[in-house]
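Below, chain A is the first sequence line, B the second, and so on; all start at residue 1.
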There are 2 protein chains.
Amino acid sequence: MKMRSDYTCPLELTHDIIRGKWKPLILWLLSKSGCSPSALKKSIPGISQKMLLQHLNELLECGVIQKTTSERYPLKTEYSLTQRGQKIFEAVSIMQSVGIEMMLEDNREDFLRDKGLL
Amino acid sequence: MKMRSDYTCPLELTHDIIRGKWKPLILWLLSKSGCSPSALKKSIPGISQKMLLQHLNELLECGVIQKTTSERYPLKTEYSLTQRGQKIFEAVSIMQSVGIEMMLEDNREDFLRDKGLL
DNA sequence: CAGCATCCCCACTGATACTG
DNA sequence: CAGTATCAGTGGGGATGCTG
């Protein structure tokens, strides 16, 4: 993910961090509990392992998530939000509620009910 | 801007709407007052006219902004947020405050002071 | 299971010129 | 000033296979 070198406005910094296609959803899932890569992959229909790892590494670089790894077999890795990640999650959380409101306006209650959001 | 055809989560809908490189900033500027395209261009260093108009049209399609045009010369167009746009702006607004917090952590007070944000 | 490497496509972005 | 059209570069993202 190409980050801007200079910013017009602080919101562009936040924007660059969550711009990736699956990043908001990853942050959303990690906010609920730490997750292994395989657990994340199962929860995100359509994502490839490559994109998952790439996005995770970029989020690591930005300091919004952290990981812990067990050195011995079976390999076990867990990603979780850092304190900075929890700030970013405030934005993601608003995005979620705004999305729900828009879907309600568009009569998508069916979708929301399927997801257990109503 | 390619929108997903189906969504795992409502937050992806919000994400798709503001994913464009300059969209958060455009919404931020429009939230303060209606703006003409030329005024927006002046306020957004680095944006080309093509990208500005393209992003505006996409935001129009999503129903988050609206425009009013005077038919006669001199041509005068003004874009502004719709009610839905004001909901999206809630997310953009949080992105701004989170961005400010992160910049403060990174000792970027200088930047924020330049922008009149401190 | 976690992570990396390679190949490839196309969407996003940019630069420029043109029309009403 | 608002808006459109064309051409081109790049990097985000998908598919697949390999390694520890």
Side-chain angles (χ1 to χ4, degrees), chain A residues 1-8 12 15-27 29-30 33-62 65-80, chain B residues 1-8 12 15-27 29-30 33-62 65-80:
Chain A
M1 178 67 56
K2 180 103 168 176
M3 305 286 278
R4 269 170 272 226
S5 54
D6 51 66
Y7 295 90
T8 300
E12 293 181 330
H15 186 235
D16 275 2
I17 293 175
I18 61 177
R19 200 129 90 93
K21 181 173 181 179
W22 313 96
K23 289 201 178 126
L25 186 48
I26 290 173
L27 294 172
L29 293 170
L30 291 184
S33 68
C35 284
S36 67
S38 56
L40 286 170
K41 188 158 182 347
K42 256 175 265 175
S43 302
I44 308 178
I47 197 172
S48 64
Q49 189 194 26
K50 175 199 164 185
M51 288 314 302
L52 176 59
L53 269 297
Q54 184 176 310
H55 279 176
L56 287 171
N57 283 327
E58 289 166 358
L59 292 170
L60 279 171
E61 281 176 37
C62 293
I65 67 173
Q66 57 197 332
K67 80 169 175 180
T68 58
T69 309
S70 74
E71 289 301 328
R72 307 202 172 287
Y73 288 85
L75 291 179
K76 182 83 179 171
T77 302
E78 189 169 285
Y79 291 88
S80 57
Chain B
M1 175 70 53
K2 180 98 169 180
M3 305 286 279
R4 269 169 270 227
S5 53
D6 51 68
Y7 295 91
T8 300
E12 292 180 331
H15 186 235
D16 275 3
I17 293 175
I18 62 177
R19 199 129 94 91
K21 182 172 181 180
W22 313 95
K23 287 196 181 132
L25 187 47
I26 290 173
L27 294 173
L29 293 169
L30 291 184
S33 68
C35 286
S36 66
S38 56
L40 286 171
K41 190 160 181 345
K42 256 177 263 175
S43 301
I44 309 177
I47 198 173
S48 65
Q49 190 193 24
K50 175 197 164 186
M51 287 314 302
L52 176 59
L53 270 296
Q54 184 176 308
H55 279 176
L56 287 171
N57 282 327
E58 288 166 359
L59 291 170
L60 280 170
E61 280 176 37
C62 293
I65 67 173
Q66 57 197 334
K67 79 169 175 179
T68 58
T69 308
S70 74
E71 289 300 328
R72 306 202 173 287
Y73 288 84
L75 290 180
K76 182 83 180 171
T77 302
E78 188 170 284
Y79 291 87
S80 57

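- Between Ser48(B) and Glu58(B), the residue anchored nearer the 5' end of DNA chain C, judged by the nucleotide with its closest heavy atom, is Glu58(B).
- Following rounding to the nearest Å, Gln54(A) (CD) and dC7(C) (C1') show an atom-to-atom distance of 14 Å.
- When the C1' atom of dG14(D) is taken as reference, atom CG of Leu53(A) falls 14 Å away, rounded to whole Å.
- In this structure, of dA2(C), dT4(D), dG14(C), it is dT4(D) that holds the atom nearest to the side chain of Gln49(B).
- As judged by a 4.0 angstrom heavy-atom cut-off over every strand, Thr69(A) is placed among residues making no nucleic acid contact.
- Between the CD atom in Glu58(A) and the CG atom in Leu60(A) there is a gap of 10.0 Å [rounded to 0.5 Å].
- To the nearest 0.5 Å, atoms OH (Tyr79(B)) and CG (Leu30(B)) are separated by 10.0 Å.
- The nucleotide whose nearest atom lies closest to any side-chain atom of Ser38(B) is, among dC1(D), dG13(D), dA2(C), dC1(D).
- Residues Leu40(B) and Leu25(B) have side chains not in contact (no heavy-atom distance under 4.5 Å, counting atoms from C-beta outward).
- Taking the side chain of Lys21(A) as heavy atoms from C-beta on, and the options dG14(D), dC12(C), dG3(D), the nearest nucleotide is dG14(D).
- Distance, Leu52(A) CG to dA2(C) P: 9 Å, rounded to whole Å.
- Heavy-atom distances to DNA chain D give each of Asn57(B) and Lys42(B) a nearest nucleotide, and the one nearer the 5′ end belongs to Lys42(B).
- Nucleic acid contact for Lys67(B): sugar-phosphate only, since backbone atoms but no base atoms lie under 4.0 Å from a heavy atom of the residue.
- One N or O on the side chain of His15(A) and one on the backbone of Ile18(B) form a donor-acceptor pair closer than 3.5 Å.
- In this structure, Arg19(A) places its CZ atom 12 Å from C1' of dA11(C), rounding to the nearest Å.
- The CE-P distance, from Met51(B) to dA15(C), rounds to 11 Å in whole Å.
- Phosphate contact (OP1/OP2 of dG12(D), side-chain N/O of His55(A), threshold under 4.0 Å): absent.
- Atom CG in Leu56(A) sits about 16 Å away from atom C1' in dG12(D), given to the nearest Å.
- In this structure, the NZ atom of Lys2(B) is 10 Å from the P atom of dC10(C), given to the nearest Å.
- Ranked by how close their nearest DNA chain C nucleotide is to the 5' end, Ala39(A) and Ile47(B) are led by Ala39(A).
- Here dA2(D) is the nucleotide among dC12(C), dA2(D), dC1(C) with the atom lying nearest to any side-chain atom of Thr77(B).
- With hydrogens and angles left out, the side chain of Lys50(A) and the base of dG14(D) share a donor-acceptor pair within 3.5 Å.
- Here the side chain of Thr8(B) pairs no donor or acceptor atom with the backbone of Ile44(A) at under 3.5 angstrom.
- Atom C1' of nucleotide dG3(D) and atom CD of Glu78(B) are separated by 17 Å, given to the nearest angstrom.
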